[in-house]
Peer 1: 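The structure's right below; bear with me while I get my questions together.
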Protein chains: 2
Amino acid sequence: MSPKPRPPIPKVSRPRNAGATREAILQSALTAFVRQGYDGVGVREIAHTAGVTAVLVNRYFGSKERLFAAAVEAMFTDSGLFAGDPATLAQRLAALVVTRSRDDRHPSDPLLLLLRSAPNPRAAAILRQSIASHCEQPLKSLMRGPKRGERAAIILALIVGLQLFRKVIGNKALADANGTSLSADLTLMLERLIDISHCTESPRNH
Amino acid sequence: MSPKPRPPIPKVSRPRNAGATREAILQSALTAFVRQGYDGVGVREIAHTAGVTAVLVNRYFGSKERLFAAAVEAMFTDSGLFAGDPATLAQRLAALVVTRSRDDRHPSDPLLLLLRSAPNPRAAAILRQSIASHCEQPLKSLMRGPKRGERAAIILALIVGLQLFRKVIGNKALADANGTSLSADLTLMLERLIDISHCTESPRNH
DNA sequence: GTCTATAGAAAGATAGAC
DNA sequence: GTCTATCTTTCTATAGAC
């Protein structure tokens with residue numbers, strides 16, 4: 001019996017080029033980790049999509065864990081989630097959640113990568129650092145007022161939670177919701193979090 | 001790494017009792033799935049914690065997937081997350097997020113079970129239904145005003161996102177945040193979502 | 001009712017040929 | 001630079017003894 005007939009390989013003309021192969025593996029890993037999470041995909045599958053065998057994954061990245069770290073770094077580095085005018089930040093973040101990205105790479109993909117891989121402790125440790133440096137810090141630096149770190153984390157948690165319900169769980173209420181209406185409500189919530197106005201001005205001492 | 005020689009078995013006196021064994025397996029599965037997620041735990045481990053072998057897991061539940069479904073159902077059924085006075089609901093939900101539950105079963109555990117198992121497509125399908133019937137519907141029925149379904153889903157997404165950052169990612173800003181201050185801010189956000197006041201129109205209804 | 005033993009598949013990683 | 005072949009482990013699930 002044949003052990004595995006191996007479905008048709010997309011053998012592009014890429015003969016013996018270390019750089020290109022490494023890049024192909026990284027791109028394949030990126031997509032796979034975003035869609036299926038760290039535990040949901042194997043190095044064989046990643047390699048196959050890249051048109052090579054699993055050996056080269058470990059040859060170029062050392063291990064699955066280090067490949068994941070490289071993919072996370074690449075994804076968050078050029079995401080540009082928090083670049084641009086702070087005045088329209090809330091609006092853009094809200095659009096991120098509402099927009100449906102079917103199969104292409106989207107700015108919201110880092111968030112999917114995050115929540116689909118977070119259950120694995122090793123992946124979580126890698127993510128914790130990248131989130132802190134590539135998401136929390138930029139967001140925090142755009143904000144003013146008290147408890148910036150806490151508010152920034154709440155913003156991220158809200159967005160990621162919404163993505164979880166929409167894209168991963170497949171929640172009906174959010175999937176069927178009117179796009180512009182939902183976007184408007186989220187924008188309002190995010191503006192309150194970004195500005196200081198949401199906070200209690202109550203004279204809470206010490 | 002140690003090849004797992006034989007950790008101490010909690011061999012309680014439970015000689016040949018189908019009901020008790022089934023219950024022990026279910027409890028073990030509950031804890032394991034909450035802590036490590038669907039993909040992060042094997043039936044061997046669940047069985048061992050229950051003091052039996054993996055055979056009995058499949059004997060009593062049919063498969064890992066059906067065991068998961070039973071665990072999810074049991075967890076959400078008696079969670080009582082949305083029982084009690086609607087007036088203090090926001091406060092209780094905020095406390096849920098802030099409270100640290102180390103090893104005991106807590107009402108927030110269903111949320112951890114949710115987000116740690118969601119990456120697995122089969123687990124997600126099982127969760128989608130339980131979430132809808134045991135979380136969204138009860139929450140929705142406590143609320144008034146327009147777009148109840150959408151607002152209920154946002155509330156759940158916010159809470160789950162916060163749990164993800166605090167408990168799974170291990171976010172520093174949220175972990176180190178002042179408990180009472182964080183709780184107050186969340187309560188305010190949740191009250192705005194539960195009441196209609198956060199929305200565009202409509203008079204108050206209280 | 002519960003066990004040991006094992007089948008069968010798939011995972012991560014490595015040795016060595018070309 | 002890339003492959004085939006293989007090692008080792010771990011997984012779910014089942015057959016059959018007691």
Side-chain angles (χ1 to χ4, degrees), chain A residues 1-7 9-26 28-29 32-33 36-71 117 120-123, chain B residues 1-7 9-26 28-29 32-33 36-71 119-123:
Chain A
M1 303 308 224
S2 54
K4 187 137 227 182
R6 276 301 179 212
I9 309 176
K11 261 295 195 214
V12 274
S13 294
R14 184 171 29 71
R16 294 176 174 267
N17 181 330
T21 298
R22 200 194 132 98
E23 191 58 29
I25 292 171
L26 188 60
S28 172
F33 283 139
Q36 312 182 69
Y38 186 85
D39 285 333
V41 67
V43 292
R44 282 179 174 82
E45 186 180 342
I46 292 172
H48 183 252
T49 306
V52 295
T53 61
V55 180
L56 296 193
V57 173
N58 284 324
R59 177 163 182 79
Y60 289 131
F61 292 93
S63 68
K64 182 188 182 185
E65 196 175 330
R66 282 198 273 169
L67 170 63
F68 179 75
S117 298
N120 185 292
R122 284 177 166 155
Chain B
M1 307 307 184
S2 56
K4 187 172 283 188
R6 192 160 282 255
I9 309 178
K11 262 296 195 210
V12 273
S13 293
R14 184 172 30 71
R16 294 176 175 270
N17 181 331
T21 298
R22 200 192 133 99
E23 191 58 29
I25 292 171
L26 188 60
S28 171
F33 284 137
Q36 313 182 72
Y38 186 85
D39 285 333
V41 67
V43 292
R44 280 179 177 84
E45 187 180 341
I46 293 172
H48 182 254
T49 306
V52 295
T53 62
V55 180
L56 297 194
V57 173
N58 285 324
R59 177 164 181 80
Y60 289 131
F61 292 92
S63 68
K64 183 187 181 183
E65 196 174 331
R66 281 198 275 170
L67 170 64
F68 180 75
N120 185 292
R122 284 177 165 153

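A quick note: this is a predicted structure, and the numbers were derived from the prediction, not measured. Within every chain, numbering begins at 1; the chains are lettered A, B, ... in the order of the sequence lines, protein sequences first and strands thereafter. FYI, side chains are in, hydrogens and waters are out, and symmetry mates aren't considered; it's all heavy atoms of this structure.
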Peer 1: Provide the closest heavy-atom pair for A:S117 versus A:A123 in the form atom of the first, atom of the second, distance.
Peer 2: O-CB, 3.3 Å
Peer 1: Looking at every non-hydrogen atom in both residues, tell me the closest pair between B:S28 and B:I46 and how far apart they are.
Peer 2: OG-O, 2.7 Å
Peer 1: Return the value, rounded to whole Å, for the distance between atom CG of B:L56 and atom C1' of C:dG1.
Peer 2: 7 Å
Peer 1: Give me, pair by pair, the N or O atoms of the protein and of nucleotides 6-8 of chain C that are less than 3.5 Å apart, along with how far apart they are.
Peer 2:
none

Peer 1: To the nearest Å, give me how far apart CD1 (A:I25) and P (D:dC3) are.
Peer 2: 9 Å
Peer 1: Tell me the interatomic distance from B:R122, atom CZ, to D:dC11, atom P, rounded to whole angstroms.
Peer 2: 17 Å
Peer 1: Roughly, in whole Å, what's the span from CD in B:E23 to C1' in C:dG1?
Peer 2: 17 Å
Peer 1: Between C:dC3 atom C1' and B:N58 atom CG, what is the distance in whole Å?
Peer 2: 15 Å
Peer 1: Just N and O in the side chain of A:T53: are any of them under 4.0 Å from OP1 or OP2 of D:dT4?
Peer 2: no
Peer 1: Are any side-chain N or O atoms of A:K64 and backbone N or O atoms of A:V41, one a donor and one an acceptor, separated by less than 3.5 Å?
Peer 2: yes
Peer 1: Starting at the 5' end of DNA chain C and moving along, which residue's nearest nucleotide shows up first, A:E45 or A:V55?
Peer 2: A:E45
Peer 1: When we call it a touch if two heavy atoms are under 4.0 Å apart, what does B:V41 touch: a base, just sugar-phosphate, or nothing?
Peer 2: sugar-phosphate
Peer 1: Whole-Å distance between C:dG12 P and A:I46 CD1?
Peer 2: 8 Å
Peer 1: Spell out, as yes or no, whether a donor-acceptor pair under 3.5 Å connects the side chain of B:T21 to the backbone of B:N17.
Peer 2: yes
Peer 1: Give the minimum heavy-atom separation between B:F61 and B:R66, together with the two atoms involved.
Peer 2: O-CB, 3.2 Å
Peer 1: Using heavy atoms and a sub-4.0 Å distance, could you list which residues of residues 63-71 of chain B are near DNA chain C? By number, please.
Peer 2: none
Peer 1: Please verify the inter-ring angle class for B:F33 with B:F68; under 30° counts as parallel, over 60° as perpendicular, anything in between as tilted.
Peer 2: perpendicular
Peer 1: D:dT2 P sits how many Å from A:F61 CZ, rounded?
Peer 2: 12 Å
Peer 1: Is the shortest side-chain heavy-atom distance between A:L56 and A:R59 below 4.5 Å?
Peer 2: yes
Peer 1: Quick one: closest heavy-atom pair of A:N120 and A:D39, and the distance?
Peer 2: ND2-OD1, 2.8 Å
Peer 1: Would you say the side chain of A:Y60 lies within less than 4.5 Å of the side chain of A:L26, judging by non-hydrogen atoms?
Peer 2: no
Peer 1: From CD of B:Q36 over to C1' of D:dT10, roughly how many Å is that when rounded to an integer?
Peer 2: 14 Å
Peer 1: Quick one: is D:dG1 close enough that its OP1 or OP2 comes under 4.0 Å of any side-chain N or O from A:T21?
Peer 2: no
